[in-house]
Chemist: 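Before I ask anything, let me first share the structure, which is written out below as structure tokens.
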Amino acid sequence: MDRALLLRLLGEKPAKQEQTTYSLATLTQEDGYRYIEISYQACDGETVQALLLIPDGVNIETNEKHPTIIAHHQHGGRYDAGMLEPAGLCENPANTFALSLCKAGFIVLCPEQIGFGRRREKLADGHYMDGQDNERWLFVQYYLRGRTLLGKCLFDLECLIDVISSLPFVDKERIGICGHSMGGLIAYWFGWYEKRIKAIASVCGFSSLALLQKRHLNHTFTMYLPGILNYGDTPDLLDNICPKPLYLTFGAEDRIFPVDASLDICRKAQSIYTLQEASNQCIVEVTDDGHVFTEEKQVKAAEFFRMFL
């Protein structure tokens with residue numbers, strides 16, 4: 001699918017900020033790592049936060065530069081959790097893969113998608129909107145203005161990568177992205193969108209939109225791009241992603257994303273990478289489980305990033 005066409009379908013992009021500005025809070029020490037909150041401007045100029053996780057073995061006070069991974073949170077109906085869940089800082093976190101990557105030696109940045117955590121819309125009485133209502137409201141809000149929720153998420157991450165690239169301890173030539181479920185979906189799309197992303201790990205987060213519609217399966221509003229099925233579908237992004245290193249994995253018992261659609265994308269990825277003589281840069285794995293990012297998969301994701309960052 002033509003990249004320029006997809007960029008148009010993402011909707012109008014706000015004018016880029018002239019300067020990249022950010023501020024860092026105070027470091028908090030945990031067992032084996034430290035974390036710090038970083039504030040920066042998203043694409044519409046609003047100030048947002050992300051969590052920066054730093055392994056104890058990494059000294060950010062020197063001139064040494066380190067590979068860094070964006071760890072995007074899942075959906076799971078956990079509108080309150082957002083960036084806190086992959087970092088293990090919310091109540092009963094279901095998935096703490098950012099901690100696993102950090103303890104494997106990587107600097108990890110956990111962003112917060114609009115509609116989650118602190119980025120939920122507040123009503124006149126000061127309370128947050130219901131999560132599902134907020135997500136639908138955001139989708140409509142951007143749609144009515146010629147924009148998309150997916151575009152907003154990608155443009156916000158572009159601002160974040162501007163910040164990452166300016167950090168003195170980050171090697172801007174070795175930035176990857178990893179995510180599970182909705183985070184896997186965003187990793188797949190942002191890996192396509194952003195050339196500065198050098199490696200992508202998408203876990204249980206990919207399917208064709210046509211099949212979801214055929215089977216009457218509703219999904220997160222972030223997944224939908226008005227008009228896309230007139231020209232192609234999400235598997236077609238692979239033509240532009242290749243030969244960027246790509247790790248795709250999902251469970252054969254996944255009930256969130258249709259297994260046959262996920263398998264088709266994996267097979268298409270292998271075919272495209274083979275044709276472009278880059279088969280060693282495409283790792284595909286189907287596991288005997290469900291919609292989960294297990295510890296075993298997290299270890300393999302860390303190994304993948306060690307190979308390619």
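Predicted, not measured: the structure shown is a model, and the values here were computed from it. Because only heavy atoms are used, hydrogens play no part in the values below, and waters and symmetry mates are left out as well, while side chains stay in.
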Chemist: Report yes or no: does Q29 contribute a side-chain atom to a donor-acceptor pair with the main-chain N or O of Y33 at less than 3.5 Å?
Modeler: yes
Chemist: Any Lys/Arg nitrogen of E46 or R118 sitting under 4.0 Å from an Asp/Glu carboxylate oxygen of the other?
Modeler: no
Chemist: Tell me if the CG atom of N63 is crowded by more than 12 foreign heavy atoms within 6.0 Å.
Modeler: no
Chemist: Near K268 NZ, under 6.0 Å, is it more than 12 heavy atoms from other residues, nucleotides or ligands?
Modeler: yes
Chemist: Would L109 end up clustered with L101 when hydrophobic side chains under 4.5 Å apart are linked, directly or stepwise?
Modeler: no
Chemist: Sequence neighbours left out, what passes side-chain contact (heavy atoms from CB on, under 4.5 Å) with E91? Give chain and number order.
Modeler: none
Chemist: Heavy atoms, side chains only, cut-off 4.5 Å: are H66 and I54 in contact?
Modeler: no
Chemist: Take F169 and V58, measure what side-chain contact (heavy atoms from CB on, under 4.5 Å) needs, and give me the verdict at the end.
Modeler: CA-CA 9 Å; F169 47 85; V58 170; 5.9 Å; no
Chemist: For N230, look at atom CG and say whether over 12 heavy atoms of other residues, nucleotides or ligands are found less than 6.0 Å away.
Modeler: yes
Chemist: Do you know which two heavy atoms are closest between C242 and I272, and how far apart they sit?
Modeler: CB-CG2, 3.7 Å
Chemist: Quick check for you: to the nearest 0.5 Å, what is the distance between E30 atom CD and L89 atom CG?
Modeler: 6.5 Å
Chemist: Tell me, which pairs form a ring-ring contact (aromatic ring centres under 6.0 Å, His included) where one or both residues lie in residues 92-128, sequence neighbours left out?
Modeler: H73-F116, H75-F116, Y79-F116, F97-F293
Chemist: Could you see if L157 belongs to whatever hydrophobic cluster contains L84? Use Ile, Leu, Val, Met, Phe, Trp, Tyr and a side-chain cutoff under 4.5 Å.
Modeler: no
Chemist: Please list, chain by chain and in numerical order, all residues satisfying ring-ring contact (aromatic ring centres under 6.0 Å, His included) with H291, sequence neighbours excluded.
Modeler: H180, F257
Chemist: Applying side-chain contact (heavy atoms from CB on, under 4.5 Å) to L263 and F250, what does each step give before you reach the verdict?
Modeler: CA-CA 9 Å; L263 187 58; F250 68 96; 4.0 Å; yes
Chemist: With distance as the sole test, does E194 use its side chain to make a donor-acceptor pair with the main-chain N or O of R196 at under 3.5 Å?
Modeler: yes
Chemist: Would W189 end up clustered with L149 when hydrophobic side chains under 4.5 Å apart are linked, directly or stepwise?
Modeler: yes
Chemist: When you look at CD of Q141, are more than 12 heavy atoms from neighbouring residues, nucleotides or ligands closer to it than 6.0 Å?
Modeler: yes
Chemist: Quick one: which of D156, T222, T220 gives a side-chain hydrogen bond (donor to acceptor under 3.5 Å, both in side chains) with Q113?
Modeler: T222
Chemist: Identify the residue among W137, Y143, Y142, F139 that makes a ring pair (Phe, Tyr, Trp, His ring centres under 6.0 Å) with F221.
Modeler: F139
Chemist: Using atom types as modelled and distance alone, determine if a side-chain donor or acceptor of T148 lies under 3.5 Å from a backbone N or O of L10.
Modeler: yes
Chemist: So, E85 side chain and A94 main chain: donor-acceptor pair closer than 3.5 Å or not?
Modeler: yes
Chemist: Under the side-chain contact (heavy atoms from CB on, under 4.5 Å) rule, what do I186 and L150 come out as? Steps first, then yes or no, please.
Modeler: CA-CA 8 Å; I186 294 298; L150 176 58; 4.2 Å; yes
Chemist: Side-chain contact test, heavy atoms from C-beta onward, threshold under 4.5 Å: evaluate it for C110 versus Y35 and give yes or no.
Modeler: no
Chemist: Check whether any side-chain heavy atom of E112 sits under 4.5 Å from a side-chain heavy atom of V48, and report yes or no.
Modeler: no
Chemist: Do the side chain of S271 and the main chain of R267 share a donor and acceptor less than 3.5 angstrom apart?
Modeler: no
Chemist: Roughly how far apart are I70 CD1 and I107 CD1, rounded to 0.5 Å?
Modeler: 12.5 Å
Chemist: Side chains of E285 and Y247: closer than 4.5 Å at any heavy-atom pair?
Modeler: yes
Chemist: To check you understand the geometry: which heavy-atom pair defines the closest contact between L212 and P258, and what is its length?
Modeler: CD2-CD, 3.6 Å
Chemist: For R147, does the CZ atom sit with more than 12 other heavy atoms under 6.0 Å from it, leaving out its own atoms?
Modeler: yes
Chemist: Given T287 and K297, is the side chain to side chain donor-acceptor pair (under 3.5 Å) satisfied, shown in steps?
Modeler: CA-CA 9 Å; T287 53; K297 291 179 185 177; 3.0 Å; yes
Chemist: Taking atom CD of Q276 as the centre, report whether more than 12 heavy atoms of other residues, nucleotides or ligands fall under 6.0 Å from it.
Modeler: yes
Chemist: If you measure from CD on Q298 to CG on L99, what distance do you get to the nearest 0.5 Å?
Modeler: 9.0 Å
Chemist: May I ask you to list the residues sharing a hydrophobic cluster with V292, side-chain cutoff 4.5 Å, ordered by chain and number?
Modeler: none
Chemist: When you measure from the side chain of N134 to the backbone of E121, do you find a donor-acceptor pair of N or O atoms at a distance under 3.5 Å?
Modeler: yes
Chemist: Just how far is it from atom OG1 of T20 to atom CG of D162, taken to the nearest 0.5 Å?
Modeler: 4.5 Å
Chemist: Do the side chains of H72 and P111 get nearer than 4.5 Å, heavy atoms only?
Modeler: yes
Chemist: Could you state the interatomic distance from CE (M1) to CG (L237), rounded to the nearest 0.5 Å?
Modeler: 6.5 Å
Chemist: Keeping the roles fixed (side chain from R34, backbone from L53), state whether a donor-acceptor pair exists under 3.5 Å.
Modeler: no
Chemist: Just distance, no hydrogens or angles: give the donor-acceptor pairs under 3.5 Å from side chains in residues 197-211, sequence neighbours left out.
Modeler:
{"from": "S202", "atom 1": "OG", "to": "G184", "atom 2": "O", "distance (Å)": "2.8"}
{"from": "S208", "atom 1": "OG", "to": "L211", "atom 2": "N", "distance (Å)": "3.3"}

Chemist: So, R120 and D80, do they make that salt bridge, N to O below 4.0 Å?
Modeler: no
Chemist: I'd like to know if the side chain of Q74 reaches the main chain of S181, judged simply by a donor and an acceptor atom lying under 3.5 Å from each other, with no hydrogens or angles considered.
Modeler: no
Chemist: State plainly whether the residues E158 and K16 are in salt-bridge range, i.e. N to O under 4.0 Å.
Modeler: yes
Chemist: Applying the 4.5 Å side-chain criterion to the ILVMFWY set and letting contacts propagate, would I283 and Y273 be lumped into a single cluster?
Modeler: no
Chemist: Donor-acceptor check, side chain of S39 to backbone of S23, threshold 3.5 angstrom: yes or no?
Modeler: no
Chemist: When you look at CD of E12, are more than 12 heavy atoms from neighbouring residues, nucleotides or ligands closer to it than 6.0 Å?
Modeler: no
Chemist: Answer whether the closest heavy-atom distance between the side chains of M83 and E37 falls below 4.5 Å.
Modeler: yes
Chemist: Which atom pair, heavy atoms only, marks the closest approach of R78 to C90?
Modeler: NH2-SG, 3.8 Å
Chemist: Which is it for W192 and R3 under the side-chain contact (heavy atoms from CB on, under 4.5 Å) test, yes or no, and what are the steps along the way?
Modeler: CA-CA 9 Å; W192 164 83; R3 179 179 174 86; 3.6 Å; yes
Chemist: Working to the nearest 0.5 angstrom, can you tell me the gap between D133 CG and L138 CG?
Modeler: 11.0 Å
Chemist: What pairs with Y22 under side-chain contact (heavy atoms from CB on, under 4.5 Å), at least two apart in sequence or on another chain?
Modeler: L24, I38, Y40, V163, S166, L167, P168
Chemist: Atom NZ of residue position K13 - does it have more than 12 heavy atoms of other residues, nucleotides or ligands inside 6.0 Å?
Modeler: yes
Chemist: Would you call K244 and F308 a side-chain contact if the rule is heavy atoms closer than 4.5 Å?
Modeler: no
Chemist: Check whether L309 and L160 end up in the same hydrophobic cluster, where Ile, Leu, Val, Met, Phe, Trp and Tyr are linked by side-chain heavy atoms less than 4.5 Å apart.
Modeler: no
Chemist: When you measure from the side chain of Y188 to the backbone N and O of T234, does any donor-acceptor pair fall under 3.5 Å?
Modeler: yes
Chemist: So which atom in A187 and which in G179 form the shortest heavy-atom distance, rounded to 0.1 Å?
Modeler: CB-N, 4.0 Å
